[in-house]
Amino acid sequence: MTKFYIKWQLNPLSTPSDPEERAKLWVSMLEMVKADMQAGRIKDWGNCADGSGGYAIREEASEAEFFTSILKWMPYVTFDAKPVITVDQTIESIKRAAAVVKRK
């Protein structure tokens with residue numbers, strides 16, 4: 001299973017221009033974020049102070065599970081998601097790569 005680092009941005013083309021409707025949409029989406037955090041699907045979430053977007057850390061999921069989980073946010077939010085590895089996985093990968101180079 002993979003952990004994902006996600007940068008997200010609100011899609012201005014799908015954001016209501018009416019302030020009351022926009023606030024309703026925001027609160028509704030934030031309640032979904034809180035539910036995902038309580039269920040353990042999202043480990044961390046933040047909103048940039050300028051309101052343009054933010055980030056999330058998605059706990060272990062397959063690529064297909066991850067894709068399914070972001071569908072509920074479309075078209076209001078766009079994503080740039082990257083799979084990430086832990087510090088221990090990074091160290092192990094570097095050691096393996098160094099060992100391969102050493103053998104050559």
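Bear in mind the structure is a predicted one, so any value in this text is a computation, not a measurement.
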Worksheet entry | Identified ring-ring contact (aromatic ring centres under 6.0 Å, His included) counterpart of Phe66 within the set Tyr5, Phe4, Phe79 |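 Output: one option passes, namely Phe4.
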
Worksheet item: Cluster question for you: counting only ILVMFWY and a side-chain heavy-atom cut-off of under 4.5 Å, with indirect links fine, are Leu71 and Trp73 together?
Response: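 Same cluster: Leu71 reaches Trp73 through Ile, Leu, Val, Met, Phe, Trp or Tyr contacts under 4.5 Å.
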
Discussion item. Starting from Val84, can I reach Ile91 by hopping between I/L/V/M/F/W/Y residues whose side chains sit under 4.5 Å apart?
Written reply: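 No: no chain of side-chain contacts under 4.5 Å links Ile91 to Val84.
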
With side chains defined as the heavy atoms from C-beta onward, is the minimum distance between [X] and [Y] less than 4.5 Å?
{"X": "Val77", "Y": "Gln9", "result": "no"}
{"X": "Ile57", "Y": "Lys3", "result": "yes"}
{"X": "Arg41", "Y": "Arg58", "result": "yes"}

Practice prompt. Please report the closest heavy-atom contact between Ser93 and Ile85, naming both atoms and the distance.
Written response: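 For Ser93 versus Ile85, the nearest heavy atoms are OG-CD1, 4.5 Å.
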
Worksheet item: Minimum heavy-atom separation for Leu10 to Gly51, with atom names?
Response: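 Distance-wise, the nearest heavy atoms are CD1-O, 3.9 Å.
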
[X] and [Y] ion-paired at < 4.0 Å:
{"X": "Lys82", "Y": "Asp80", "result": "yes"}
{"X": "Glu92", "Y": "Arg96", "result": "yes"}
{"X": "Asp36", "Y": "Lys72", "result": "yes"}

Worksheet item: For Asp44 and Tyr55, does a side-chain donor sit closer than 3.5 Å to a side-chain acceptor?
Response: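 Present: a donor and an acceptor within the cut-off.
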
Practice prompt. Check whether the side chains of Asp88 and Thr86 place a donor and an acceptor atom closer than 3.5 Å, and report yes or no.
Written response: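 Looking only at side-chain atoms, Thr86 and Asp88 do not form any donor-acceptor pair under 3.5 Å.
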
Check: [X] side chain, [Y] main-chain N or O, donor-acceptor pair, under 3.5 Å:
{"X": "Ser14", "Y": "Pro75", "result": "yes"}
{"X": "Glu65", "Y": "Ser62", "result": "yes"}
{"X": "Arg22", "Y": "Pro16", "result": "yes"}

Item to complete: Run through Thr15, Asn11, Leu25, Leu13 and flag the one making a side-chain contact (heavy atoms from CB on, under 4.5 Å) with Tyr76.
Response: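 Filter result, single survivor: Leu25.
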
Fill in: Intermediate values then yes/no, side chain to side chain contact (heavy atoms under 4.5 Å, CB included), Thr2 and Glu63
CA-CA 7 Å; Thr2 305; Glu63 288 81 359; 3.8 Å; yes

Discussion item. To the closest 0.5 Å, what do you measure between CE (Met37) and CD (Glu59)?
Written reply: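 It is 10.5 Å, given to the nearest 0.5 Å.
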
Worksheet entry | Lys34 NZ to Ile42 CD1 distance, which is reported to the nearest 0.5 Å |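 Reported value, rounded in 0.5 Å steps: 13.0 Å.
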
